[in-house]
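Because the structure is a prediction, the values reported are computed rather than measured. Every number for a ligand or one of its atoms is a count from 1 in the order of the listing.
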Amino acid sequence: MAGILFIISAPSGSGKSTLVNALRSQVGGIDFSISWTTRQPRGSEQTGREYHFTTREEFERMRDAGEFLEYAEVFGNYYGTARRSLDEATAAGRDLLLDIDVQGARQVREKVTDAVTIFVMPPNPKVLRTRLRNRSRAEGHVDETVLHRRLNEASKEIENYQQYRYILVNDVLERAVAQLEAIVVVERMRRDGKPLDIRTKRDFEIAESCREVNSRVRLQPVLESFGIFPDHHPQQYSLLEAKDDDGTDRKSAD
Ligand code: ADP
Ligand code: 5GP
């Protein structure tokens, strides 16, 4: 039976890696594609575990040799998914999860039209700012330029949310993990043509609540907090003005 290709995208710091790690520890049978990148490892990251870290020259060689299913330049670095990841998962009939940005997701959707796409949003800019900063601190290095760049990119990425089948708001972690699990369960049942039973009926309701069409009221305050008004252009809003969760203006505090 063919595996399912899951694509998950989110602005940096939304908690995507945290969600994916939780999913992987609780749901079996899903492979995770380790991307190639030219960015430097952060904190305890190791090549071959979080990413295959490589040089620009090597990345460009692989790109020119057609080795990538998709690739994109994000925050000044290349990121790409090796074609081999999908080929291997397909050959083994296993599900595969890609953690890629909105540009990469667009490229893959054109090639794999039945890919299941999931977009993760942070609840608001203040929470995003706090998460990015806390993560940098935990990794022992707060780079203000990188932090500001990632914050400023967030609303541009969120503008693409309607291109995804499911939308999660990663506010309460346990709830977001349960939603992600429900999406995987329901999509597998759909592929297998299995009927709903008592447990999967609940999963179905949870997954359906994450469909874009069913999320509009829930998403409105989140989108507005990022200066996004559906069917309108985003208003000028500087995320750099946002304060941290505790109300401190960390920009001046650091
Ligand atoms: P991403 O992979 O989207 O860049 P991470 O998974 O690295 O983001 O999460 C960024 C930071 O936010 C991490 O320090 C993580 O522990 C924290 N985090 C993630 N999800 C939540 C959540 N629901 N509530 C509080 N903190 C969270
Ligand atoms: P980070 O540097 O925080 O790990 O990732 C930055 C961004 O690059 C995130 O949005 C992440 O999803 C994206 N990304 C990671 N791997 C890939 C990839 O293989 N392809 C693309 N297009 N984006 C990726």
Chemist: By number and element, which atoms of ligand 2 are closer than 4.0 Å to a non-hydrogen atom of R39?
Modeler: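 Listed by number with element: 1 (P), 2 (O), 4 (O).
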Chemist: Checking a contact table here: which protein heavy atom is nearest atom 2 (O) of ligand 1, and how many Å away?
Modeler: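 Among all protein heavy atoms, the one nearest atom 2 (O) of ligand 1 is S17 OG, 2.5 Å.
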Chemist: Compute the shortest N/O to N/O distance between D101 and ligand 2 and return yes if it is under 3.5 Å, no if not.
Modeler: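 N/O-N/O distance below 3.5 Å exists for this pair.
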Chemist: Assess whether a salt bridge exists between R165 and E187, defined as any Lys/Arg side-chain N lying under 4.0 Å from an Asp/Glu carboxylate O.
Modeler: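 Yes.
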Chemist: Taking only heavy atoms of T18, which atoms of ligand 1 are found under 4.0 Å from at least one of them?
Modeler: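 The list of qualifying atoms is 5 (P), 6 (O), 9 (O), 15 (C), 19 (C).
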Chemist: Would Y51 count as being in polar contact with ligand 2, using the rule that some N or O on each side must be under 3.5 angstrom apart?
Modeler: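 Right, the criterion is met.
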Chemist: Which atoms of ligand 1 have any heavy atom of S12 under 4.0 Å away?
Modeler: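 Listed by number with element, the hits are 4 (O).
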Chemist: Within the 3.5 Å criterion, strictly below it, is a donor on Q46 or E50 matched to an acceptor on the partner's side chain?
Modeler: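 No pair is found: no donor N or O on one side chain lies under 3.5 Å from an acceptor on the other.
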Chemist: So, are R39 and E45 salt-bridged, with charged N and O less than 4.0 Å apart?
Modeler: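 Counted as a salt bridge, because a side-chain N and a carboxylate O are separated by less than 4.0 Å.
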Chemist: Looking at ligand 1, does any of its N/O atoms fall within less than 3.5 Å of an N/O of V172?
Modeler: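 V172 vs ligand 1: no N/O contact under 3.5 Å.
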Chemist: Can you find a non-hydrogen atom of N170 under 4.0 Å from ligand 1?
Modeler: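 For ligand 1, residue contact (heavy atoms, under 4.0 Å) with N170 is present.
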Chemist: Name the closest protein heavy atom to atom 8 (O) of ligand 1, giving the residue it belongs to and the distance to 0.1 Å.
Modeler: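 Nearest neighbour among protein heavy atoms for atom 8 (O) of ligand 1, to 0.1 Å: G15 N, 3.1 Å.
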Chemist: One residue to check: Q103. Relative to ligand 2, which of side chain, backbone, both or neither has a non-hydrogen atom less than 4.0 Å away?
Modeler: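 None of Q103 does.
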Chemist: Tell me which protein heavy atom sits closest to atom 7 (O) of ligand 1, plus the residue, atom name and distance to 0.1 Å.
Modeler: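 Of the protein heavy atoms, R135 NH1, 2.9 Å lies nearest.
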Chemist: Can you tell which of H52, R150, E70, Q40 gets a heavy atom nearest to atom 18 (C) of ligand 2?
Modeler: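 The nearest heavy atom belongs to E70.
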Chemist: Under 4.0 Å from a heavy atom of S12: which atoms of ligand 2 are those, numbered in the order shown and with their elements?
Modeler: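 Under 4.0 Å from S12, ligand 2 has these atoms: 3 (O).
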Chemist: Look at R106 together with E110 and state whether they make a salt bridge at an N to O cut-off of under 4.0 Å.
Modeler: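 Not counted as a salt bridge, because no side-chain N and carboxylate O are separated by less than 4.0 Å.
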Chemist: With ring centroids as reference points, do F119 and Y161 lie under 6.0 angstrom apart?
Modeler: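 When the ring centroids of F119 and Y161 are compared, they turn out to be at least 6.0 Å apart.
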Chemist: Look at the aromatic rings of Y71 and F59 and report parallel, tilted or perpendicular, splitting at 30° and 60°.
Modeler: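 Rings of Y71 and F59: perpendicular, as their planes differ by over 60°.
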Chemist: Answer yes or no on whether R83 is positioned over the face of F68, meaning its NZ or CZ is under 6.0 Å from the six-membered ring centre and within 45° of the axis.
Modeler: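 No cation-pi geometry.
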Chemist: Is any NZ, NE, NH1 or NH2 atom of the basic residue among E58 and R61 found under 4.0 Å from an Asp or Glu carboxylate oxygen of the other?
Modeler: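 Looking at R61 together with E58, the answer is yes, because their closest N to O distance falls below 4.0 Å.
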Chemist: Quick test: of every protein heavy atom, which one is nearest to atom 10 (C) of ligand 1, and how far off is it to 0.1 Å?
Modeler: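 For atom 10 (C) of ligand 1, the nearest protein heavy atom comes out as G13 O, 3.6 Å.
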Chemist: If you have a sec, work out which protein heavy atom is nearest atom 19 (O) of ligand 2 and how many Å separate them, to one decimal?
Modeler: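 Scanning the protein heavy atoms, the shortest distance from atom 19 (O) of ligand 2 goes to S35 OG, 2.6 Å.
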Chemist: For Q220, run the side-chain hydrogen bond (donor to acceptor under 3.5 Å, both in side chains) check against E224, R216, R218 and tell me which one passes.
Modeler: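 Single pass found, and it is E224.
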Chemist: For the atom pair CG (L23) and CD1 (I8), what is the distance rounded to the nearest 0.5 Å?
Modeler: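 Those atoms lie 8.0 Å apart.
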Chemist: Compare Y79, F75, W36 and give the one whose heavy atom is closest to atom 2 (O) of ligand 2.
Modeler: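 Going through Y79, F75, W36 one by one, Y79 has the nearest heavy atom to atom 2 (O) of ligand 2.
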Chemist: Just to be sure I read this right, does ligand 1 sit under 4.0 Å from the backbone of V120, its side chain, both, or neither, counting only heavy atoms?
Modeler: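 Neither; nothing of V120 gets under 4.0 Å from ligand 1.
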Chemist: Partners of R24 by salt bridge (Lys or Arg N to Asp or Glu O under 4.0 Å), sequence neighbours excluded?
Modeler: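 Checked R24 against salt bridge (Lys or Arg N to Asp or Glu O under 4.0 Å); zero matches.
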Chemist: Just going by heavy-atom distances, which of R42, R131, K16 is nearest to atom 24 (N) of ligand 1?
Modeler: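 When every heavy atom of R42, R131, K16 is considered, R131 comes closest to atom 24 (N) of ligand 1.
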Chemist: Which residue supplies the protein heavy atom nearest to atom 10 (O) of ligand 2, what is that atom called, and how far is it?
Modeler: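 Looking at atom 10 (O) of ligand 2, the protein heavy atom closest to it is A10 O, 3.7 Å.
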Chemist: Hey, does D171 sit under 4.0 Å from ligand 1 if you only count heavy atoms?
Modeler: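 Checking ligand 1 against D171, which is what was asked, there is a heavy-atom contact under 4.0 Å.
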Chemist: Report the part of A10 (side chain from C-beta onward, or backbone N, CA, C, O) that has a heavy atom under 4.0 Å from ligand 1; answer both or neither where that applies.
Modeler: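 Under 4.0 Å from ligand 1, A10 contributes no heavy atoms.
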Chemist: Looking just at side-chain N and O atoms, do R131 and S12 make a donor-acceptor pair shorter than 3.5 Å?
Modeler: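 S12 and R131 do not have a side-chain donor-acceptor pair below 3.5 Å.
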